[in-house]
Amino acid sequence: GLPSISALVDQAAEVLSATSAYLQIPPYETYRDACKVAAKDICTTTKSSWHLLVLTLTPLVIILKLLTHFFLMAVGIITEHTIKHGFVAAREGCIQARTGLSWFVAWQRSLGNAAVAMELCIVAACVGLYMLRRYIQKYKYIERTQRWFERKRRAAIKRYDEAVQTVSETSVLLALLLPHLLYVVGVVTLKCAAPWLLRYFAIHAPVPTTAIISLWIPLVRTVSFLHRWKGNASKDAEEEDGEKDETDTTTTTRKRTTRLSTGKVADRYVQATMKSTGNATSTTKKQLESMSADQALRAEGMDLLQYWVVNALLYAFFRAVSVLPVVRNLVTAAATTAPKTASRWAAPSKPGRISALTSSLRPTEQFLKETKLIFYIWLLYLPTSLTGAAVTKKSTKGKLVKKRVSSWETKIGSGDLNRPINILYKRFAPIAVSVAVSSVQLTQEGEPNQSGKRSSIVWRVLAGLMTKIIGSIRSVLDVIVFTRIISPSTRDWIVSAIVDGAALLPAAIPLVMPRYFTQFGVLYVSNVVPAANSSIAIDAKEGTSMARYLRYWVIHTLLSCLLESFRPVLAWVPLSTHATLILWAYLQLKPVTETLFALFEWELTAFGLLHAQKDTKDGDTATGHDIDKTVTVQLLRKASSMLPKAGNTQQDESETNNSGETEKKEWEMVQEREGATCVIDQLHHAKVD
């Protein structure tokens, strides 16, 4: 039969008890006690956490309450006073507007009919000009005028090129001289038709036109070029870093593409990688554009350096000629008044034949200033580069004209070399180089001179002696560096100063001579030697040397203007010319020039005349250009501090008032004493009587 239900229940109970015993399930009482303890612990933890949170946030809540309270108070006060003062200001504004309107109406009523008509005409003219401006902007008359002017200019240039081409078929020399001849004809026509115009710009202009054209415009261009040259150097450094990264990415993508198969997925991947790395042609275009920009920038720097060389040599030549006794009458202005005799009774001395001849040929001040203005306009702004495009080999008269043009092109190099700056530079620069390089060769033992021949025995002995002296000085400086008295950079600076100073050895002779001869040494050191070094840098086409001497010419211009302004004062100072010579020799050193130009550039950047550039070393934008740290502001502050202040004046006034009061009291005391003595005398006389 079937098992009984009681037996099954007992069997199940045994199984459950065995299972609970095996799983170690606690009984109900144990679970109940554990739940009670857990609930008690949870309540205790929650209370302690809440207590900790209250303790922590109570100060913050109090601070927020105080801040909110004071903020609401401040907002209420500001709102109240704003509304109150705003209402008062609006009321005062209405009163002032009403007063002004009534005054304007009364003033208009007091005017006559002519004044009212003039006012109406002025108002109508302003309205008409505004409407005319709107009309011109609407129909683009300015753009039309510019296009018409550009079209006429191109047509004139084309006709000019055709005329030059026609002249070049007859004579290439005449074609090259044609711009200069046209300029001379224009100047002569202006001098005959309107001499007052040339005289005004040369003499009577409110600003010195010649100085602006010959000095300040090239100076501004040079400073701007050097600033752009410095920025270009930092950009080149950044581009080099970028090119390294691009080359790394292109090499990795090429390796990936070579590992892929020739399936569709591979083709798609190759196309995607080529699109991502397809900037190779753009980078080459950018490189070509950057190269062309660098070449244009370098050409601009070379042109500026050529101008400074020509300007310095011309200044040195005319300044030296103006010092000579007899020849100076040809380059200096004639005196406006008759020269005074030595004595009232002494007979005037008759000049000699040469002096009389030079005095008769002596130009006037007006003629010299007009000639200088005309010369610098010809030197800087004559557009002779048009002849380079006009004089070509496309001729209609056969091989003869082509041979003439080719011979002239080989002789002048290109059409741009027909500019006045290049013409004068080719004539003057070799002279300066031949004068200065001979002294530079003292530090180069056994090297040939410019003519290609060996130096003389005396010259080689001097060069060897100079080399030995420099070597001994270098060895002594090495010992001093080894003992850590000076740094290696200081040693290199001293050696470079000695080597660079070799070109200034001829200027050491005028230091022991009178002031008259020292002037020539000043001209040699400040103009001839830097012009020769600049010419060498131009021939070598070195960017660093070009930038160095452009910096020197900027400092040279500023210092020359400063010395020229203080010339009447320095003329009374003994040995001022010798000190000027030493100063110019000191400025020839490269560290000095770079330091002074960096200071000048920092001043311009601090005043906002030049934009701040990135540092070439760190790549960060140059910071710290505080206008309060500039030398100009510091000098102005020192000058203002030396002036008397209001407190000092009040103190002086109080001291004077106190002294006046004391003097007044002393005078009153003296008068009282005198009165007392008079009374005593009267009493004495009364007793006697």
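In what follows, every heavy atom counts, from backbone to side chain, and hydrogens, waters and symmetry copies are set aside.
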Evaluation steps, side chain to side chain contact (heavy atoms under 4.5 Å, CB included), between L215 and C561 = CA-CA 10 Å; L215 193 65; C561 294; 3.7 Å; yes

Tell me, with the steps shown, if L581 and W584 meet side chain to side chain contact (heavy atoms under 4.5 Å, CB included).
-> CA-CA 5 Å; L581 177 59; W584 284 116; 5.5 Å; no

Which is it for L550 and F597 under the side chain to side chain contact (heavy atoms under 4.5 Å, CB included) test, yes or no, and what are the steps along the way?
-> CA-CA 10 Å; L550 283 176; F597 183 81; over 6 Å; no

Start with the C-alpha gap between Y425 and S535, add the side-chain angles, then the distance that decides, and say whether side chain to side chain donor-acceptor pair (under 3.5 Å) holds.
-> CA-CA 9 Å; Y425 175 78; S535 179; 3.0 Å; yes

Is there a side chain to side chain contact (heavy atoms under 4.5 Å, CB included) between Q519 and R319 once you walk through the steps?
-> CA-CA 9 Å; Q519 296 178 2; R319 189 63 182 271; over 6 Å; no

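Applying the 6.0 Å contact sphere to CZ of F607 captures more than 12 heavy atoms from other residues, nucleotides or ligands. At most 12 heavy atoms of other shown residues, nucleotides or ligands fall within 6.0 angstrom of atom OH in Y586.
Not a single side chain to side chain donor-acceptor pair (under 3.5 Å) links S560 to another residue, sequence neighbours left out. Under the salt bridge (Lys or Arg N to Asp or Glu O under 4.0 Å) criterion, E603 pairs with no residue at all, not counting sequence neighbours. By the salt bridge (Lys or Arg N to Asp or Glu O under 4.0 Å) test, R637 is found to be paired with D628, residues two or more places apart in sequence or in another chain being considered. Residues passing the side-chain contact (heavy atoms from CB on, under 4.5 Å) test with I374, sequence neighbours excluded: Y183, V187, L198. The side chain to side chain donor-acceptor pair (under 3.5 Å) search around Y307 returns none, not counting sequence neighbours. Legend: residues meeting side-chain contact (heavy atoms from CB on, under 4.5 Å) with L583, ordered by chain and number and at least two apart, are L559. Contacts of R221 classified as side-chain contact (heavy atoms from CB on, under 4.5 Å), with partners at least two apart in sequence or in another chain: I217, L304. For Q306, the side chain to side chain donor-acceptor pair (under 3.5 Å) partners are N422, not counting sequence neighbours. The side-chain contact (heavy atoms from CB on, under 4.5 Å) check on T209 picks up F201, A205, I213, L373, with sequence neighbours excluded. Among residues two or more places apart in sequence or in another chain, the ring-ring contact (aromatic ring centres under 6.0 Å, His included) test is passed with H227 by H611.
Checking side-chain atoms of S545 against main-chain N and O of E542 turns up no donor-acceptor pair under 3.5 Å. With hydrogens and angles disregarded, a donor-acceptor distance shorter than 3.5 Å links the side chain of T518 to the backbone of P514.
Atom OG1 of T580 sits about 12.5 Å away from atom CZ of F566, to the nearest 0.5 Å. The CZ atom of F318 lies 9.5 Å from the CG atom of L368; values are rounded to the nearest 0.5 Å. Remark: I555 CD1 to T593 OG1 distance equals 7.5 Å, nearest 0.5 Å.
Scanning both residues, L313 and A432, for their nearest heavy atoms gives CD2-CB, 3.7 Å. A316 and N527 make their closest contact through CB-CB, 3.9 Å (heavy atoms, listed as atom of the first residue, atom of the second, distance). For the residue pair P568 and S565, the shortest heavy atom distance occurs at CD-O, 3.9 Å. In terms of heavy-atom proximity, H578 sits nearest to M513 at NE2-O, 2.9 Å. Here the closest non-hydrogen pair linking Q588 and P530 is NE2-CG, 3.2 Å.
Side-chain atoms of R515 and T577 form a donor-acceptor pair, as typed in the model, at a separation below 3.5 Å. Side chain to side chain, Y376 and N311 meet the donor-acceptor criterion of an N or O pair below 3.5 Å.
Below 30°, between 30° and 60°, or above 60°: for F520 and Y516 the angle between ring planes is above 60°, a perpendicular geometry.
Remark: of the listed residues L305, T222, L219, L305 is the sole one forming a side chain to side chain contact (heavy atoms under 4.5 Å, CB included) with W553.
The list of salt bridge (Lys or Arg N to Asp or Glu O under 4.0 Å) pairs with a residue in residues 554-567, not counting sequence neighbours, reads E564-R567. Applying the salt bridge (Lys or Arg N to Asp or Glu O under 4.0 Å) definition to pairs two or more places apart or across chains, those involving residues 297-314 are R228-E300, D303-R419.
Note: H556 and W308 fail the aromatic proximity criterion, with ring centroids not under 6.0 Å apart.
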